[in-house]
There are 2 protein chains.
Amino acid sequence: MTSLRSFVKRKRRELGLTQIELADRAGVGLRFVRELEQGKSSLRLDKVNQVLVLFGHCMGPVPLKRHDLS
Amino acid sequence: MTSLRSFVKRKRRELGLTQIELADRAGVGLRFVRELEQGKSSLRLDKVNQVLVLFGHCMGPVPLKRHDLS
DNA sequence: ACAAAACATACCCAATAGGGTATAATATTA
DNA sequence: TAATATTATACCCTATTGGGTATGTTTTGT
């Protein structure tokens, strides 16, 4: 899967933002952005979405990647 | 978007499970399943994933649905 | 209509997310 | 290399999640 952490990090850099700028624009704390990009799993969904909307995305259910497809 | 709440409710019923059974199998509380199916936005991502994995899914970033596409 | 199952709402409370902030480590650039 | 920007780690603290449970409401089946 495209892990959430790498997705955020990539998108943020595509926009040329620092973690601080992203936190400000998303209305979340800097701490949160850092935990997000470090792959913390117990984040709050609404906070994650506050960030993703800046990238034109949101969290939703996606099929699990099959590691082997015969 | 296919809201998470309806996705879960639909998948659960496809498997013929009650909220209690789903909660048990996912290892989350009944309270959580209810808040999930009622669209609470501030749920913990890891708990949501514990449920979705039973449906062969997980939460990931998806493009925002455009309500108008000219 | 009646009974039983399923679901919704409300409460208490321990565990923790996340804000703020300070400091350390790392990366970037001149 | 030195100076600077960026990111990582650690701490305190408040607000909230989510478990459990009890009760009320709705739905389902006979």
Side-chain angles (χ1 to χ4, degrees):
Chain A
M1 60 168 175
T2 299
S3 71
L4 180 59
R5 54 176 300 183
S6 33
F7 178 83
V8 170
K9 190 164 258 183
R10 181 168 51 81
K11 282 293 186 180
R12 173 173 65 82
R13 290 186 167 150
E14 282 178 14
L15 295 188
L17 299 176
T18 69
Q19 292 178 336
I20 293 178
E21 291 166 336
L22 178 59
D24 283 349
R25 298 202 190 183
V28 302
L30 176 55
R31 264 263 316 258
F32 181 83
V33 170
R34 292 187 169 153
E35 290 173 335
L36 176 57
E37 292 196 354
Q38 277 164 33
K40 185 173 179 180
S41 61
S42 57
L43 301 168
R44 276 177 48 171
L45 194 52
D46 57 341
K47 299 280 176 186
V48 177
N49 280 326
Q50 278 179 247
V51 173
L52 291 194
V53 73
L54 298 179
F55 307 143
H57 284 65
C58 72
M59 290 297 276
V62 296
L64 279 176
K65 180 70 95 350
R66 318 276 296 275
H67 60 303
D68 57 343
L69 196 45
S70 58
Chain B
M1 60 168 176
T2 298
S3 70
L4 180 59
R5 53 177 300 183
S6 34
F7 177 83
V8 170
K9 190 165 257 182
R10 181 168 52 80
K11 282 292 184 180
R12 172 172 66 80
R13 291 188 165 147
E14 283 178 13
L15 295 187
L17 299 175
T18 68
Q19 290 179 335
I20 293 178
E21 291 167 335
L22 179 60
D24 284 349
R25 298 200 189 184
V28 301
L30 176 55
R31 263 263 316 257
F32 181 83
V33 170
R34 292 188 169 150
E35 290 173 335
L36 176 56
E37 292 196 356
Q38 276 163 34
K40 185 173 180 179
S41 61
S42 57
L43 301 169
R44 274 176 50 170
L45 195 52
D46 57 340
K47 300 278 175 187
V48 176
N49 281 327
Q50 279 179 246
V51 173
L52 291 195
V53 74
L54 297 179
F55 307 144
H57 284 66
C58 72
M59 290 296 276
V62 297
L64 279 176
K65 180 72 95 349
R66 317 274 297 276
H67 62 302
D68 57 343
L69 197 46
S70 58

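These numbers come from a predicted model, not from an experiment. Chain identifiers are assigned alphabetically (A, B, ...) following the order of the sequence lines, protein sequences preceding nucleic acid strands; residue numbering begins at 1 within each chain.
The shortest non-hydrogen separation linking Thr18(A) to Glu21(A) is N-OE1, 2.8 Å. Here the closest heavy-atom approach between residue Leu17(B) and residue Arg12(B) is recorded as O-NH1, 2.8 Å. Of all heavy-atom pairs between Val62(A) and Gly60(B), the closest is CG2-N, 4.2 Å.
Residue Ile20(B) qualifies as open at atom CD1: its count of foreign heavy atoms under 6.0 Å is 12 or below.
Candidate nucleotides dG18(C), dA8(C), dC12(C) were compared by shortest atom distance to the side chain of Phe32(A), and dG18(C) ranks first.
Taking atom CG of residue Leu17(A) and atom P of nucleotide dT6(D), one finds them 11 Å apart after rounding to whole Å. Whole-Å rounding puts the Glu37(A) CD to dT6(D) P distance at 13 Å. Atom-to-atom, CZ of Arg34(A) to C1' of dT9(D) comes out at 9 Å; the value is rounded to the nearest Å. Atoms CG (Leu36(B)) and C1' (dG18(D)) sit 12 Å apart, rounded to a whole Å. Note: CZ (Arg12(B)) to C1' (dA5(C)) measures 13 Å, nearest angstrom. Arg31(A) places its CZ atom 15 Å from the C1' atom of dT7(D), with the value rounded to the nearest Å. Atom CG in Leu30(B) sits about 11 Å away from atom P in dT21(D), given to the nearest Å. To the nearest angstrom, P of dA17(C) lies 14 Å from CG of Asp46(A).
Residue Leu43(A) is classed as a sugar-phosphate contact, given heavy-atom separations below 4.0 Å to backbone atoms only.
Residue Lys40(A) has no polar side-chain atom (N or O) positioned under 4.0 Å from OP1 or OP2 of dA8(D). The side chain of Arg44(B) contributes an N or O atom lying less than 4.0 Å from OP1 or OP2 of dA17(C). Within the structure, every side-chain polar atom (N or O) of Gln38(B) is placed at least 4.0 Å from both OP1 and OP2 of dC7(C). Between Gln19(A) and dA5(D) there is no side-chain N or O to OP1 or OP2 distance below 4.0 Å. A sub-4.0 Å separation between OP1 or OP2 of dT6(D) and a side-chain N or O of Thr18(A) is absent. Residue Lys47(A) places at least one side-chain N or O closer than 4.0 Å to OP1 or OP2 of dG19(C).
The shortest side-chain heavy-atom distance between Leu52(A) and Val8(A) falls under the 4.5 Å cut-off. Put simply, the side chain of Leu45(B) does not reach to within 4.5 Å of the side chain of Ser42(A), judged on heavy atoms.
A salt bridge links Glu35(B) to Arg31(B): at least one charged side-chain nitrogen sits closer than 4.0 Å to a carboxylate oxygen.
Contacts of residues 49-57 of chain B with DNA chain C (heavy atom under 4.0 Å): none.
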